[in-house]
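The next block holds one structure in the form of structure tokens; read it before the comments.
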Amino acid sequence: MNIHPNTEQAYRLFHDGTLAFARAEQQGIRVDMAYAERKKQELDDEIIRLENTFKQTKLYRHWQHVVKKDPNIHSGTQLSHFLYNVKKFKPVKTTVSGQGATDEEALMDLNLPELKDLIQIRKLKKVRDTYLEAFTREQVDGYVHPSFNLHLVKTFRSSSDRPNFQNIPKRDKESMQIIRDALYPRPGHQLMEIDYSGIEVRIAACYHKDPTMIQYINDPTTDMHSDMAKQIFMLDEFDKCVKEYSHLRSAVKNGFVFPQFYGDYYGNCAVNIACEWCQLPTGKWNKEDGFSMFGDHLGNYFIRRGIKSLEDFTQHIKHIEQDFWYNRFPIYRRWKEHWWKQYQKNGYVDLLTGFRCSGILSKNDTSNWPVQGAAFHCLLWSFIELDAIMRRNKWDTRLIGQIHDSIVLDVHPNELEMVAKIAQQVTCHDLPQAWKWINVPLEIEMEIADVDRPWSELKNYVIT
DNA sequence: GGAACTCGCCAC
DNA sequence: AAACGTGGCGAGTTCC
């Protein structure tokens with residue numbers, strides 16, 4: 001049995017990490033309490049208004065009639081029973097326990113305008129109850145102190161709770177604005193966020209060393225996601241700066257490339273790209289289907305090229321998946337196979353950072369966990385180092401949180417330039433110096449909000 | 001009346 | 001043959 005030589009270092013990383021996180025927890029994040037209370041009140045009113053609207057619909061009255069009392073409109077069980085057993089609608093999908101699903105996708109598929117109110121009610125309740133309410137409940141003297149845990153996650157990542165600082169809405173503009181408007185720096189300071197760009201792809205490359213992938217990472221004039229978008233959408237030209245192409249690139253990046261890396265297969269990827277990103281229907285496609293691109297509908301574009309349905313598109317993606325793993329990234333594929341075999345033989349997989357995952361792992365787990373864990377450890381190492389530098393030099397700037405591949409800081413304006421410079425140095429230079437197995441360049445992106453402005457107002461920051 | 005569960009949904 | 005990973009949390013439900 002091999003004993004991994006870095007076990008002591010792995011212990012040290014978590015020991016030092018725990019102390020650095022404790023200091024961030026103690027520091028905390030300022031909450032605008034007056035705003036949070038006011039906003040909760042506004043949401044109460046809006047939710048009641050939407051509930052009343054919903055309760056005046058024929059659909060609701062029918063529901064009320066069949067159960068002979070007031071149904072709970074927030075109960076998935078009751079809604080599922082009414083829609084699929086009473087009304088006999090056909091659910092697009094079922095939940096794990098087998099009942100008809102009532103999530104957003106399933107409700108939208110029924111195409112009933114009344115249900116859109118229900119979806120909006122859910123969203124506002126989520127914002128109010130999961131986030132604003134948690135902030136006001138957990139705050140002490142106007143600061144929340146989220147916990148950052150290093151002992152709970154089987155991949156040796158971190159988790160956060162009370163409140164969870166790692167799942168604050170970002171993509172949905174409306175939710176993002178409402179919630180991040182409540183979070184502020186200390187008076188006279190600025191919120192800053194420093195992210196590792198594409199850290200999991202880079203760390204995966206340190207394991208599998210696929211030359212094509214390393215080439216993509218090393219050469220900034222190439223772009224893996226653009227190349228895959230060109231192939232999937234059968235394009236000769238591709239400029240990711242053009243709006244239409246940039247949407248296709250996102251569709252391919254989030255609907256094909258990343259799911260493939262995690263171990264998904266062409267069937268799900270085809271649905272991801274076509275239905276979730278390009279508004280194409282399941283089954284047969286029409287000329288008017290899909291979003292409009294350069295004055296043409298995507299449905300028409302594909303039909304002219306012989307792809308006339310989701311089934312055709314699925315076959316297309318199947319071929320591309322084959323090409324992806326057998327021609328484009330064959331070394332990456334062999335690494336996955338090798339690690340699965342090694343796990344079956346030994347009963348564990350080791351991370352490049354000296355941790356060992358054992359117990360029951362699926363085939364996908366054996367390649368996903370080491371990447372996910374070690375990528376986070378890059379962030380953790382940088383967090384510890386920055387914390388040490390800032391304390392040694394008695395800076396006023398504080399680290400206040402971390403979201404797997406990013407660090408959130410509460411910065412004194414006079415220290416901003418210095419913080420940015422040192423952060424660049426630590427994350428992209430000192431870390432690869434310390435961990436020789438990092439054989440690809442690392443990059444970060446920085447964002448900053450103005451003095452006394454909330455987290456919703458982050459803007460790109462470039463070192464001058 | 002609390003534990004354990006399901007479901008839905010937020011993040012990376 | 002089968003089919004994407006890691007978490008936290010609120011509300012509803014079921015079980016004891």
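In the text below, chain A, chain B and the rest are named by the order of the sequence lines, each starting its count at 1. Note that this is a predicted model, so its numbers are computed, not measured.
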Check: A:F14 ring centre within less than 6.0 Å of A:H377 ring centre: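 Yes, ring centres under 6.0 Å apart.
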Determine whether the aromatic ring centres of A:F355 and A:F156 lie less than 6.0 Å apart.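 Under 6.0 Å, so yes.
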Indicate, with a heavy-atom threshold strictly under 4.0 Å, whether A:K154 touches base, sugar-phosphate, or nothing.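 Here A:K154 touches the backbone only, sparing every base.
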Determine the contact category for A:T102: base if any of its heavy atoms lies under 4.0 Å from a base atom, sugar-phosphate if only primed atoms, P, OP1 or OP2 are that close, otherwise nothing.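 Sugar-phosphate, no base atom in range.
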In terms of heavy-atom contacts, does CZ of A:R23 have more than 12 from other residues, nucleotides or ligands at under 6.0 Å?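 Yes, the 6.0 Å shell around CZ holds more than 12 heavy atoms from other groups.
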Worked check of salt bridge (charged side-chain N to carboxylate O under 4.0 Å, His left out) between A:E114 and A:K55: CA-CA 9 Å; A:E114 303 92 307; A:K55 287 179 178 175; over 6 Å; no
What bend angle does the helix from B:dG1-C:dC16 to B:dC12-C:dG5 show across its length, from five-pair end axes and to the nearest 10 degrees?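 Taking five pairs per end, the axes differ by 10°.
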Parallel under 30°, tilted from 30 to 60°, perpendicular over 60°: which one fits the rings of A:F261 and A:F324?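 The rings of A:F261 and A:F324 sit tilted, inter-plane angle from 30° to 60°.
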What parts of [range] reach DNA chain B, counting only heavy atoms under 4.0 Å away?
range: residues 36-48 of chain A; answer: none
range: residues 103-120 of chain A; answer: A:D103, A:E104
range: residues 159-173 of chain A; answer: A:Q166, A:N167, A:I168, A:P169, A:K170, A:R171

Name of the residue among A:D223, A:T222, A:D210, A:D227 meeting side chain to side chain donor-acceptor pair (under 3.5 Å) with A:Y216: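 One option only clears the test, and that one is A:D227.
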Under 4.0 Å from any atom of DNA chain C, heavy atoms only: list the residues of residues 318-339 of chain A that qualify, in numerical order.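 Hits under 4.0 Å, by residue number: none.
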Partners meeting ring-ring contact (aromatic ring centres under 6.0 Å, His included) with A:W339 (sequence neighbours left out):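 Expected list: A:Y207, A:W335.
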Using ring-ring contact (aromatic ring centres under 6.0 Å, His included) as the criterion, list what pairs up with A:H15, not counting sequence neighbours.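 For A:H15 the ring-ring contact (aromatic ring centres under 6.0 Å, His included) partners, ignoring immediate neighbours, are A:Y11.
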Reading DNA chain B in the 5' to 3' direction, which nucleotide is the first one with an atom under 4.0 Å from a heavy atom of chain A, and which is the last?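 Listing 5' to 3', DNA chain B meets chain A from B:dT6 to B:dC12.
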Ring pair (Phe, Tyr, Trp, His ring centres under 6.0 Å) between A:Y184 and A:H189: does it pass, once the steps are laid out? CA-CA 9 Å; A:Y184 276 79; A:H189 292 68; over 10 Å; no
B/S/- contact track for nucleotides 11-16 of chain C, protein heavy atom under 4.0 Å: SSS---
State whether [X] places a side-chain N or O below 4.0 Å from either non-bridging phosphate oxygen (OP1 or OP2) of [N].
X: A:W369; N: C:dG5; answer: no
X: A:N268; N: C:dA3; answer: no
X: A:R137; N: C:dG10; answer: yes

Write out all pairs satisfying side chain to side chain donor-acceptor pair (under 3.5 Å) with one or both partners inside residues 268-280 of chain A, taking only residues at least two apart or from two chains.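 Listed once each, the pairs are A:D264-A:N268.
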Using 0.5 Å steps for rounding, measure from the CZ atom of A:R122 to the CG atom of A:L50.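 Those atoms lie 13.5 Å apart.
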Could you tell me how far apart A:F156 (CZ) and C:dG7 (C1') are, to the nearest whole angstrom?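 My rounded result for the distance is 15 Å.
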Just jot down the side chain to side chain donor-acceptor pair (under 3.5 Å) partners of A:K93, sequence neighbours excluded, or say none.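 Residues passing side chain to side chain donor-acceptor pair (under 3.5 Å) with A:K93: A:D103, A:E105.
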Sequence neighbours left out, what passes side chain to side chain donor-acceptor pair (under 3.5 Å) with A:Q99? Give chain and number order.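 Partners of A:Q99 by the side chain to side chain donor-acceptor pair (under 3.5 Å) criterion come out as none, since no residue qualifies.
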Could you please spell out the steps behind the side chain to side chain contact (heavy atoms under 4.5 Å, CB included) verdict for A:E133 and A:K40? CA-CA 8 Å; A:E133 188 59 40; A:K40 277 197 291 181; 3.0 Å; yes
